[in-house]
Amino acid sequence: MFPTERPRRLRRTPALRRLVAETNLAPDDFVAPLFVAEGLGEAREISSLPGQFQHTVDSLRQEVKELVRVGVGGVILFGVPSTKDELGSGAWDPQGIAQLAIRALRDEFGDALVVMADLCLDEYTRHGHCGVLRTDGTVDNDATLELYGRVAVAQAEAGASVVAPSGMMDGQVGAIRGALDEAGFDETIIMAYAAKFASGLYGPFRDAVGVEIIEGGDRKGYQQDYRNRREALREARADVEQGADIVMVKPAMSYLDVVSDLRRELDVPLCAYHVSGEYAMVKAAAANGWIDGPAVALEQLTAVRRAGADFVLTYFAGELATELAR
Ligand code: PBG
């Protein structure tokens, strides 16, 4: 007896495998997260994110030039200010580091590059939380929304095409949409970190931006509980109803079920954030010779696309785009 199903027929040669592949990655499926720091003399490598840097505005421009050359789909900027305060006012200062960097990229690349701005307060607050604190130390949701509106307008004024609220406050998308429209920025896109989980995988990022949450605190009071799947859909639907143009799932690899759910239930563009800890794990194992780093990166990012994401935010953007272009 011979099997009648012979799937191996289609796997015989690379050309056949390419022809029948259901999912393909291209450089424009990647958005590169980039850090720009105030008061730096030169770019500084982030030790827990090998190959990633805190940039000066100038080194950022150079890096982005290379990313554009290899066809990366966009960049998302994170500012690292040299001073912080209670409210995080550097986040909406027109001369704040993120705004200066956005403006520099817009001036150089114009509409040839999609410039996104992460919209949050944690890099700018002394206490490291994503919102304003009440006297009892809890995060005041509605007071925070007003500040998010100011940040959105400052980023749009600087030239960001996309603002990406990552603070997980209730009603943040609606508040930001309102503030943008009122200031005349009705074309600015909102990419909502819709299903953002309280994850252990953000560690290297917090090194990169110099954020430490006071008193050993965490973000479990606002980011989602990773035990919950249905809740992610509810969060994402609420964001779309409030005007989100694009929704995101974060992190990526441990949440592919969520990516798949959102793909099935929503019709807006969907992305996932392959976060700092996911990148660092691959890099660390590869540095030890335990895995083939680029091969694993390609496998993971393809899986994110296969689960239903249209694009992926990843620190591998430059490296893999260069590889795919070969
Ligand atoms: C919050 C923010 C975080 C990341 C992106 N935006 C950190 C956090 O929620 O603590 C993490 C990204 C990464 O780990 O790569 N502004």
Side-chain angles (χ1 to χ4, degrees), residues 30-37 46-54 75-81 84 87-88 90-92 96-98 116-132 139 144 147-148 151-152 155 160 162-169 172 176 190-214 216-226 235 246-255 271-284 297 300-301 304 312-318:
F30 302 138
V31 170
L34 297 170
F35 303 101
V36 59
I46 301 155
S47 57
S48 53
L49 288 174
Q52 305 299 312
F53 294 82
Q54 281 190 346
V75 299
I76 181 161
L77 287 184
F78 295 90
V80 185
K84 306 185 186 222
L87 294 180
W92 64 84
I97 185 63
M116 307 179 169
D118 181 80
L119 196 172
C120 202
L121 296 175
D122 61 323
E123 294 94 348
Y124 302 89
T125 54
R126 230 185 326 256
H127 46 73
H129 277 291
C130 297
V132 187
V139 174
T144 301
L147 302 185
Y148 283 180
V151 182
Q155 293 174 334
V162 179
V163 298
S166 62
M168 291 298 282
M169 295 300 126
Q172 63 184 11
I176 290 166
I190 299 178
M191 177 169 87
Y193 287 68
K196 176 173 179 179
F197 290 86
S199 170
L201 290 162
Y202 306 146
F205 173 92
R206 291 180 195 161
D207 284 350
V209 294
V211 168
E212 211 175 313
I213 308 172
I214 46 159
D218 58 42
R219 307 205 194 291
K220 291 183 179 164
Y222 38 104
Q223 298 181 348
Q224 278 177 246
D225 185 330
Y226 56 70
E235 281 275 5
I246 303 172
V247 297
M248 187 203 293
V249 174
K250 174 186 175 184
M253 300 314 297
S254 308
Y255 301 90
C271 62
Y273 197 147
H274 189 263
V275 301
S276 58
E278 298 179 282
Y279 174 85
M281 287 194 291
V282 174
K283 283 286 176 188
Q300 292 198 349
L301 297 172
V304 178
V312 192
L313 285 73
T314 171
Y315 302 95
F316 283 112

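Counting convention: from 1, in listed order, for ligands and their atoms alike. Just so it is clear, the values below take in all heavy atoms, side chains as well, and ignore hydrogens, waters and symmetry mates.
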Quiz item: Quick one: does T314's side chain have a donor or acceptor within less than 3.5 Å of a partner on A32's backbone?
Solution: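 No; zero donor-acceptor contacts below 3.5 Å.
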Let me have the donor-acceptor pairs involving side chains of residues 248-255, under 3.5 Å, with sequence neighbours excluded, atom names and distances please.
none

Practice problem: Quick one: sort the F35 and Y315 rings into parallel, tilted or perpendicular, breaks at 30° and 60°. | Solution: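 Because their plane-to-plane angle is under 30°, the rings of F35 and Y315 count as parallel.
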Between [Y] and [X], is there a side-chain heavy-atom distance shorter than 4.5 Å?
| X | Y | value |
| --- | --- | --- |
| Y279 | Q52 | yes |
| I213 | R206 | yes |
| K196 | Y273 | no |

Would you mind listing each N/O atom of ligand 1 next to any protein N/O under 3.5 Å, plus the distance?
from, atom 1, to, atom 2, distance (Å)
ligand 1, 6 (N), K250, NZ, 3.4
ligand 1, 9 (O), K196, NZ, 2.8
ligand 1, 9 (O), R219, NE, 3.4
ligand 1, 9 (O), Q223, NE2, 2.8
ligand 1, 10 (O), R206, NE, 2.8
ligand 1, 10 (O), R206, NH2, 2.7
ligand 1, 10 (O), R219, NE, 2.8
ligand 1, 10 (O), R219, NH2, 3.3
ligand 1, 14 (O), S276, N, 3.3
ligand 1, 14 (O), S276, OG, 2.7
ligand 1, 15 (O), S276, N, 2.7
ligand 1, 15 (O), Y315, OH, 2.6
ligand 1, 16 (N), D122, OD1, 2.8
ligand 1, 16 (N), D122, OD2, 3.4
ligand 1, 16 (N), S166, OG, 3.3

